[in-house]
Amino acid sequence: MYLDMDDAPASNFLQTIISEDLAAGRVSEVVTRFPPEPNGYLHVGHAKSISVNFGLAEANGGRCNLRFDDTNPEKESQEFIESIQEDIRWLGYRWDGEPRYASSYFQQLYDWAEHLVRNGDAYVCDLDADQAREYRGTLTEAGRNSPYRERSVEENLDLLARMKAGEFDEGAKVLRAKIDMASPNMNLRDPILYRIRKVRHHQTGNDWVIYPTYDFAHGQEDAIEGITHSICTLEFEDHRPLYDWLLEHLPVSCRPRQYEFGRLNPSYTVTSKRKLKQLVDQGVVAGWDDPRMPTIAGMRRRGYTPAAIRRFCDMIGTTRSDGVVDVAMLEFAIREDLNENAPRGMCVLNPLKVVLTDYPEDKVEELSAPRHPSRVDLGERVLPFTRELFIDADDFREEANKKYKRLVLGKRVRLRNAWVIEADEVVRDDSGQIVEVRAHTVPGTLGENPADGVKPRGVIQWVSASHGRRAEVRLYDRLFNDEAPDKGDKDFLDHLNPESLRVVEQAWIEPALAQARPEDSYQFEREGYFVADRYDHSTDTPVFNRTIGLRDSWSD
RNA sequence: UGGGGUGUCGCCAAGCGGCAAGGCACCGGGUUUUGAUCCCGGCAUUCGCAGGUUCGAAUCCUGCCACCCCAGCCA
């Protein structure tokens with residue numbers, strides 16, 4: 001079903017580092033990790049990170065852990081923990097062992113916090129958030145030492161224990177590393193290690209009222225798990241000195257190294273969790289898994305395949321430069337996969353009745369057609385042909401120039417996988433609207449060109465009016481009509497594409513398509529790739545989502 | 001005016017002192033019962049800019065410019 005996944009082994013700066021580490025014996029096995037915070041759904045940007053972390057481990061015979069970085073219970077939930085696991089599995093990756101949780105290391109982390117305090121490397125600070133900001137200085141001015149910076153080890157130990165015991169209110173005290181308030185790197189100006197949060201944690205319940213910050217947790221989690229290469233995105237680069245400082249000042253048994261790569265920014269989309277949440281909350285889309293969302297769940301429902309997403313990640317590469325990737329590349333990846341693997345079928349979105357006047361009323365020809373033009377292994381399907389058919393209204397014109405390769409009055413067209421027909425006359429309703437085309441078949445044209453040498457102008461899809469089935473078809477398009485909807489001071493909501501969804505309630509599909517199971521992909525010939533909706537589709541009420549249209553180079 | 005990064009074709013991206021890979025997009029042409037696919041061809045005398053080193057530089061040095069990130073008790 002999927003494309004060949006191990007084409008060219010990805011070569012990038014991370015692989016180069018790993019190869020050198022392996023060759024020099026600095027590491028004996030590659031261990032990476034994918035460390036999402038369970039505070040939202042995974043999106044295409046995470047897919048790249050997953051591909052990088054799992055891919056590197058896989059390519060080097062190593063392991064990759066899944067670790068929930070659940071250090072901030074306020075924003076996290078079990079729902080996200082589950083959706084994240086489902087998405088990673090769906091993408092086709094398997095983490096090593098059981099999922100890990102930062103929260104399962106809380107005691108160890110606390111012990112290490114005491115260790116820092118004992119060595120005079122951390123202190124309890126009573127400054128509130130506003131004061132702390134003031135003391136921190138600015139980008140161009142050094143900060144000032146907190147008045148609580150020189151507390152004794154004994155006092156700090158006592159205060160820390162009391163913080164843990166719940167004796168202080170939220171925000172009343174924090175534990176900070178004692179580094180350098182004048183550092184040009186803001187992250188080294190006595191960063192906060194622990195804060196008081198009297199909220200229930202989804203994994204540890206009410207065991208803790210103090211929670212470690214990302215900085216105090218991440219490197220140590222990596223050390224505990226024996227991570228060799230801790231790969232994250234560029235914005236964490238400034239945190240690396242702190243990451244290293246903590247590991248140097250703690251009795252950890254191994255030294256993971258942090259490396260950063262540029263995050264993925266696809267054009268015509270937004271990927272910030274805040275903005276995606278806004279789209280959901282404001283009802284712009286139907287939910288986190290709306291087919292227009294760049295979430296993994298959304299792309300899945302849209303009909304994107306794991307193979308296409310992985311292929312896309314390989315195509316864009318992994319570097320330290322941050323740019324915008326043309327979504328056309330993602331679209332190429334899914335077309336490439338589906339062109340190769342999706343069975344073909346016929347669907348008429350905008351029906352116009354055609355009556356074949358020479359064709360007997362009750363005759364039904366059970367034609368057979370290949371499911372795929374080149375994949376003979378996919379077999380054939382039965383195509384009932386009858387006197388009354390539907391074609392797409394866009395595929396008929398009373399008159400047209402020679403560039404129009406469809407049905408024209410008095411001219412011929414090939415009905416895909418069936419007869420060549422010739423249009424004779426149109427039937428109109430009271431308002432003058434064409435409601436029917438009367439035509440006749442050209443004899444001997446089943447699988448053959450017309451004997452008289454007059455070739456059809458083109459090929460169009462059709463569905464038997466008596467044997468076809470009704471279906472709802474959801475035509476999705478880009479959610480935004482601006483290449484960079486959230487760049488600069490733009491409001492991304494001002495650039496929504498009003499035509500990102502058009503629902504065709506009464507499309508006609510050939511009978512074989514009604515047999516689709518949810519999440520089966522097809523190419524509706526001449527239209528595009530469509531997937532049977534994961535939730536709403538059934539044989540009784542077929543519902544298809546347009547994944548992506550066919551490449552179209554035609555212009556009038 | 002602090003620190004950390006990045007700058008190679010419209011986009012992504014190889015390249016690491018020897019004379020600019022590849023993919024996407026785009027433009028031609030061919031095949032075709034999908035205006036699809038497939039096939040063939042085109043597409044950077046030039047690597048942010050300016051100097052310098054060298055027989056030779058996208059690759060080394062110097063200076064400059066542009067853009068991104070950092071002042072959450074978020075990650």
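So that the names make sense, note that chain A is the first sequence line, chain B the second, and so on, each numbered from 1.
Annotation: B/rA44 and B/rC61 have their P atoms spaced 29 Å apart (nearest Å). Using P as the reference atom, B/rC64 and B/rC27 are 44 Å apart when rounded to the nearest Å.
For A/R335 against B/rU37, a side-chain-to-base donor-acceptor contact under 3.5 Å is absent. Judged by atom type and distance alone, A/E340 does not reach the base of B/rU37 through any side-chain donor-acceptor pair under 3.5 Å. For A/D238 against B/rG3, a side-chain-to-base donor-acceptor contact under 3.5 Å is present. In the interface, the side chain of A/R551 is not paired with the base of B/rG35 through any donor and acceptor atom under 3.5 Å apart.
Distances shorter than 4.0 Å separate none of the side-chain N or O atoms of A/T140 from OP1 or OP2 on B/rU1. Taking 4.0 angstrom as the limit, A/R240 places none of its side-chain polar atoms (N or O) nearer than this to OP1 or OP2 of B/rC70.
Against the 90° criterion about 0, the sugar-base torsion of B/rG52 places it in the anti range.
For the pair A/R263 (side chain) and A/C232 (backbone), a donor-acceptor distance under 3.5 Å is absent.
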message: Checking A/F216 against A/Y194 for the ring-ring contact (aromatic ring centres under 6.0 Å, His included) test, could you report, in this order, the C-alpha distance in whole Å, the side-chain angles of both residues, the deciding distance, and whether it holds?
response: CA-CA 8 Å; A/F216 189 63; A/Y194 265 97; 5.6 Å; yes

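Relative ring orientation between A/F385 and A/W462 is described as perpendicular, the plane-to-plane angle rising above 60° on a 0-90° scale split at 30° and 60°.
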